[in-house]
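Read through the structure below, which is laid out as structure tokens, and then see the notes.
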Amino acid sequence: MQMMTRDVLLEMELEEDDDDDGDIGDVPASKRPLMAPATLPSSLVLENLEQTIVSGFGSLESQQDFRTPEFRKRRAYESNLICDGLQLEATRSLLDDKLVFVKVHAPWEVLCTYAEIMHIKLPLKPNDLKTRSSAFDNFNWFTKVLQVDESIIKPEQEFFTAPFEKNRMNDFYIQDRDTFFNPATRSRIVYFILSRIKYQVRDNVKKFGINKLVSSGIYKAAFPLHDCSFSSPSEDLSCPNERYLLYREWAHPRSIYKKQPLDLIRKYYGEKIGIYFAWLGYYTQMLLLAAVVGVACFLYGYFNQNNCTWSKEVCDPDIGGKIIMCPQCDKLCPFWKLNITCESSKKLCLFDSFGTLVFAVFMGVWVTLFLEFWKRRQAELEYEWDTVELQQEEQARPEYEARCTHVVINEITQEEERIPFTTWGKCIRITLCASAVFFWILLIIASVIGIIVYRLSVFIVFSAKLPKNLNGTDPIQKYLTPQMATSITASLISFIIIMILNTIYEKVAIMITNFELPRTQTDYENSLTMKMFLFQFVNYYSSCFYIAFFKGKFVGYPGDPVYWLGKYRNEECDPGGCLLELTTQLIIIMGGKAIWNNIQEVLLPWVMNLIGRCRTVSGAEKKTPRWEQDYHLQPMGKLGLFYEYLEMIIQFGFVTLFVASFPLAPLLALVNNILEIRVDAWKLTTQYRRMVPEKAQDIGAWQPIMQGIAILAVVTNAMIIAFTSDMIPRLVYYWSFSIPPYGDHPHYTMEGYINNTLSYFNVADFKSKSKENPYTELGDYTACRYRDFRYPPGHPQEYKHNIYYWHVIAAKLAFIIVMEHIIYSVKFFISYAIPDVSKSTKSKIRREKYLTQKLLHENHLKDMTKNMGVIAERMIAVVDNNLRPKSD
């Protein structure tokens with residue numbers, strides 16, 4: 001056996017410095033080379049290993065230095081590993097004499113035994129179903145450029161598979177024993193053994209598993225080995241060089257336009273990592289369609305910017321320049337002219353257009369198509385990767401088993417079993433955990449209120465300090481309005497607070513979930529997923545929800561404003577609405593989060609590995625073996641790809657929930673995801689230790705979370721168009737109030753819209769003289785305008801909502817109901833029309849079941865029939881001999 005093909009590496013630290021000569025023969029037996037010569041047959045190898053273990057431990061039992069509990073646990077654990085059939089070999093570190101590496105290898109017999117125990121599906125027969133022609137076959141010349149070169153990474157041959165059985169080994173497709181079990185399967189089998197071998201029995205409670213030994217410091221790490229260096233292929237001709245191929249054809253920047261080699265990713269890292277990159281790649285492909293439509297809608301708004309009549313009226317000196325707006329705060333805020341918002345009104349025309357409505361409806365359908373087609377793709381991967389019937393029962397977490405002290409009677413088996421706490425104790429834990437989560441959500445809401453108070457306070461300052469007139473000589477005046485300055489600074493502060501709270505809550509959520517003590521790793525990840533997503537949802541989206549649905553909605557009117565906390569006057573939107581501010585908030589949070597995450601994902605592991613190399617390398621450089629190079633890489637962590645999923649789901653929420661305010665959001669997400677795939681691939685292949693492969697049928701709890709976001713997105717986008725944008729009031733004016741009996745124009749037009757949507761207020765009606773204009777440069781005004789639909793002063797119902805307001809409210813509610821029902825109807829139709837499993841995949845599954853029944857069960861029946869026939873013939877022969885008359 002070559003050392004480079006060991007499946008799992010255990011690394012530990014010596015307890016005492018025995019000698020400085022580097023002779024492994026002077027260290028405890030558990031750290032000596034235990035691997036017999038590779039030229040011996042398997043049976044002799046195992047026999048020699050058992051003899052070495054026994055004699056080694058026997059000669060060291062009297063040595064005082066190695067009577068520690070840690071040594072006894074390690075000795076018992078490694079002895080049980082060898083008794084279970086694994087082969088071990090110890091090697092001292094070349095860079096640190098205190099470190100000893102124990103390499104573990106599973107022989108063929110062990111792999112076969114545990115493949116049957118774990119119900120692992122293995123090749124039965126090559127797939128003989130013909131591949132159906134696709135409508136895209138005519139574009140092979142284009143798609144071939146995006147495919148991975150098949151001469152470099154050969155496509156995996158498709159097989160029909162069945163759960164492995166040793167007694168029917170001849171029925172399986174075994175051409176080469178070295179390749180029958182792929183690297184991920186070999187590592188998974190070995191880790192399955194390592195996690196179930198006991199090392200101590202105390203009070204009739206078995207303690208077992210490598211995770212406990214690593215967490216207690218008996219071993220420092222346990223991980224599979226990379227097969228070679230990522231930068232150059234191995235000199236060993238038997239090495240498959242899969243890590244090198246993955247780096248060259250997947251993680252390298254020059255492969256950024258190519259499709260991912262998913263089969264090789266699954267073969268090398270396992271199904272759980274493979275399904276993540278398959279989902280991320282499919283999500284990115286679907287974003288391409290959304291990005292194209294989003295850019296088209298943005299360009300529609302851009303090219304129709306000159307036809308934006310209401311923006312022209314705002315910028316017109318004879319219209320907007322003569323409209324005097326009421327102060328938006330008390331005491332310090334002046335009267336201001338409407339045309340100072342000219343530039344923001346032009347920007348608003350880019351996003352608040354008919355194209356936005358079309359795009360919002362499209363995205364409601366797009367998200368359904370994405371989820372439904374992903375289910376089909378996921379079903380294909382489940383079949384291809386043999387996870388359709390995942391029969392392996394998940395074991396309890398070591399942390400759970402360590403706390404099992406209460407004895408109860410199992411209602412099903414009527415046998416005693418141990419649990420960590422009683423029913424009452426479980427209720428207390430759930431209550432405490434829920435209270436902690438609720439407290440942190442309240443903390444986020446408090447931070448949002450703090451941002452609102454900041455907006456209200458700083459707006460007064462900006463209103464007093466920034467220019468009051470638009471003279472056209474200072475370009476800053478065109479863009480830096482009090483509203484824009486307040487929006488940008490508040491968004492930046494909100495982003496900083498979001499990232500700080502996010503960092504703190506990650507640790508808090510892990511502490512809460514650890515205290516909750518879920519039984520299995522899946523339960524642990526699902527519990528943590530719901531806590532983290534609930535927190536992140538409130539943390540990232542609360543400011544957007546405030547701007548979209550609360551800001552400027554409850555402000556009263558200048559003579560009777562609404563106050564926050566009895567002190568701060570509620571915020572008002574620009575004359576064109578809060579849509580532009582929501583767009584600004586989305587750009588800052590989405591862009592800032594993407595930049596921060598990518599920098600963190602690239603720099604942090606690279607710097608940590610660089611520091612580690614600087615600490616270990618001293619004097620002349622030594623050529624270190626593969627296991628030592630891998631040890632100095634960064635560990636992936638217990639949660640694996642949890643944070644990668646969380647990052648993408650939060651982005652998915654931004655793309656779907658608020659896309660009506662920013663059609664370019666899918667384009668930003670597309671660019672980020674193209675980079676994200678390669679950054680994650682680069683991290684896995686170059687900066688992190690190889691993860692223990694795990695089986696996974698799907699993306700877990702993230703699927704229902706995305707479905708919930710998709711349903712909520714229809715409501716949020718409909719409400720953004722209805723209540724945040726100014727589209728519905730413009731349509732109501734165009735079709736009802738621009739012509740008689742409400743309007744004066746002879747035909748439908750948008751002219752006069754601005755004047756019609758701004759109400760009058762009599763300055764003499766201010767409740768306090770302190771709120772009169774403190775500035776004199778704009779003149780002494782007797783009336784001002786404000787954004788609302790109210791009757792003017794002197795009307796019998798002055799300052800009450802007018803008929804235009806009720807028409808707009810009715811139109812908004814009708815629009816929400818109609819849009820929701822149309823999109824939900826289309827969504828449900830699409831969900832019904834698109835089956836979760838494609839016809840070709842169903843055919844393959846049925847064909848596989850047929851072959852399994854034919855080759856395994858029918859062959860078994862034939863063998864039984866044959867054996868029964870032999871037995872029957874022997875019985876007949878015996879009866880004939882007994883009945884035949886004896887000759888004298």
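Remember, it's a predicted structure, so these values are computed and weren't measured experimentally.
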>> Strictly distance-based, threshold 3.5 Å: is any side-chain N or O of Arg243 a donor or acceptor partner for the main-chain N or O of Thr685?
In response: yes
>> For Phe298 together with Phe359, are the ring centres under 6.0 Å from each other?
In response: no
> Considering all heavy atoms of both residues, which atom of Tyr283 and which atom of Phe652 are nearest to each other, and what is their separation?
Replying inline: OH-CA, 3.5 Å
> Taking all non-hydrogen atoms of both residues, which atom of Glu820 and which atom of Ala718 are closest, and how far apart?
Replying inline: CG-CB, 4.4 Å
> So Phe180 and Phe172, would you call those rings parallel, tilted or perpendicular, with 30° and 60° as cut-offs?
Replying inline: perpendicular
>> For a quick check under 3.5 Å, do Thr841 and Ser838 share a side-chain donor-acceptor pair by atom type?
In response: yes
> Which word best sums up how the rings of Tyr269 and Trp250 line up, parallel for under 30°, tilted for 30 to 60°, or perpendicular for over 60°?
Replying inline: tilted
> At their closest point, which heavy atom of Ile699 faces which heavy atom of Gln378, and how far apart are they?
Replying inline: N-OE1, 3.5 Å
> CG of Leu262 to CD1 of Ile275: how many Å apart, nearest 0.5 Å?
Replying inline: 9.0 Å
> To the nearest 0.5 Å, what is the distance between CD1 (Ile117) and NZ (Lys166)?
Replying inline: 9.0 Å
> Going by heavy atoms in the side chains, are Phe351 and Pro663 under 4.5 Å from each other?
Replying inline: yes
>> If you apply the rule salt bridge (Lys or Arg N to Asp or Glu O under 4.0 Å), what do you find for Arg188 with Glu694, and how did you get there?
In response: CA-CA 7 Å; Arg188 191 161 61 92; Glu694 296 181 58; over 6 Å; no
> Should Phe159 and Leu122 be marked as a side-chain contact (heavy atoms from CB on, under 4.5 Å) after you check the CA-CA gap, both sets of side-chain angles, and the distance that decides it?
Replying inline: CA-CA 8 Å; Phe159 291 94; Leu122 292 170; over 6 Å; no
> Do we get Arg266 above Tyr268's six-membered ring, with its NZ or CZ under 6.0 Å from the centre and within 45° of the axis?
Replying inline: no
> Got a second to check how far Ile711's CD1 is from Ile823's CD1, nearest 0.5 Å?
Replying inline: 13.0 Å
>> Between Glu676 and Lys683 (salt bridge meaning N to carboxylate O under 4.0 Å), is one present in this structure?
In response: no
> Is Tyr643 atom OH crowded by more than 12 heavy atoms from other residues, nucleotides or ligands, each under 6.0 Å away?
Replying inline: yes
> Within the side chain of Ser527, is there an N or O that forms a donor-acceptor pair under 3.5 Å with the backbone of Asp523?
Replying inline: no
> Side chains of Gln703 and Asp698: closer than 4.5 Å at any heavy-atom pair?
Replying inline: no
> Hey, is the main chain of Glu242 close enough, under 3.5 Å, to the side chain of Asp227 for a donor-acceptor pair?
Replying inline: yes
> What about the rings of Tyr645 and Trp279, do their centers lie closer together than 6.0 Å?
Replying inline: yes
>> So Cys297 and Thr356, do their side chains get closer than 4.5 Å, heavy atoms only?
In response: no
> Taking only residues two or more places apart in sequence or in another chain, which ones pass ring-ring contact (aromatic ring centres under 6.0 Å, His included) with Trp385?
Replying inline: none
>> If you apply the rule side-chain contact (heavy atoms from CB on, under 4.5 Å), what do you find for Leu712 with Phe537, and how did you get there?
In response: CA-CA 12 Å; Leu712 181 60; Phe537 185 90; 3.7 Å; yes
> Got a sec, which residues hit ring-ring contact (aromatic ring centres under 6.0 Å, His included) with Phe535, two or more places apart in sequence or on another chain?
Replying inline: Tyr505
>> Could you check whether any side-chain N or O of Asn597 sits under 3.5 Å from a backbone N or O of Glu647, counting only pairs where one atom can act as donor and the other as acceptor?
In response: no
>> Please determine whether a side-chain nitrogen of the Lys or Arg among Lys121 and Glu382 lies less than 4.0 Å from a carboxylate oxygen of the Asp or Glu.
In response: no
> So which heavy atom on Ile674 is nearest to which on Ile256, and how close?
Replying inline: CG2-CG1, 3.5 Å
>> Tell me if the centroids of the rings in Trp702 and Phe533 come within less than 6.0 Å of each other.
In response: no
>> So, taking the atom named CG in Leu245 and the one named CD1 in Ile153, what distance separates them when rounded to the nearest 0.5 Å?
In response: 5.5 Å
> How far does CE of Met530 sit from OG1 of Thr513, to the nearest 0.5 angstrom?
Replying inline: 12.0 Å
>> Can you tell whether the side chains of Glu380 and Lys844 come within less than 4.0 Å, N to carboxylate O?
In response: no
>> Regarding Glu116 and Asn167, do their side chains bring together a donor and an acceptor under 3.5 Å, going by distance alone?
In response: no
>> Between Ile705 and Thr529, is the side-chain contact (heavy atoms from CB on, under 4.5 Å) condition met? List the steps.
In response: CA-CA 10 Å; Ile705 287 176; Thr529 296; 3.8 Å; yes
> Taking C-beta and beyond as the side chain, do Met286 and Trp374 meet within less than 4.5 Å on heavy atoms?
Replying inline: no
> Which heavy atom in Arg186 sits nearest to a heavy atom in Ala106, and how many Å separate them?
Replying inline: NH2-O, 4.1 Å
> For the side chain of Asn241 and the backbone of Tyr244, is there at least one donor-acceptor N/O pair under 3.5 Å apart?
Replying inline: no
> Taking the six-membered ring for Trp, are Phe658 and Phe545 parallel (under 30°), tilted (30 to 60°) or perpendicular (over 60°)?
Replying inline: perpendicular
>> If you define the side chain from C-beta out and look only at heavy atoms, does anything of Leu381 sit under 4.5 Å from Glu271?
In response: no
> Hey, is the main chain of Ala184 close enough, under 3.5 Å, to the side chain of Ser187 for a donor-acceptor pair?
Replying inline: no
> Hey, what do you get for OG1 (Thr284) to CG (Asn673), rounding to the nearest 0.5 Å?
Replying inline: 4.0 Å
> Can Lys593 be said to sit on top of Tyr540's aromatic six-ring, NZ or CZ under 6.0 Å from centre and within 45° of the ring axis?
Replying inline: yes
> Angle class for the His252/Tyr247 ring planes (parallel below 30°, perpendicular above 60°, tilted otherwise)?
Replying inline: perpendicular
> Any idea which heavy atoms bring Met727 and Ile721 closest together, and the distance?
Replying inline: SD-CG2, 4.1 Å
>> I'd like to know whether Met648 forms a side-chain contact (heavy atoms from CB on, under 4.5 Å) with Asn672, so could you lay out the CA-CA distance, the side-chain angles of the two residues, the decisive distance to 0.1 Å, and finally the verdict.
In response: CA-CA 10 Å; Met648 289 295 102; Asn672 174 78; 3.8 Å; yes
>> Under 6.0 Å between ring centres: does that hold for Tyr541 and Phe654?
In response: yes
> Hey, are Ser843 and Lys839 close enough side-chain-wise for a donor-acceptor pair under 3.5 Å?
Replying inline: no
> Is Tyr191 close to Pro693 at the side-chain level, that is, under 4.5 Å between some pair of heavy atoms?
Replying inline: no
> Below 4.5 Å, heavy atoms only, C-beta onward: do Thr368 and Leu371 meet side chain to side chain?
Replying inline: no
>> Testing the 3.5 Å rule here: is there a donor-acceptor pair between the side chains of Asn182 and Thr185?
In response: yes
> Are any non-hydrogen side-chain atoms of Val714 and Lys827 less than 4.5 angstrom apart?
Replying inline: yes
> Got a donor-acceptor contact below 3.5 angstrom from the Gln260 side chain to the Phe277 backbone?
Replying inline: yes
> For atom NZ of Lys154, is the number of surrounding heavy atoms from other residues, nucleotides or ligands below 6.0 Å larger than 12?
Replying inline: no
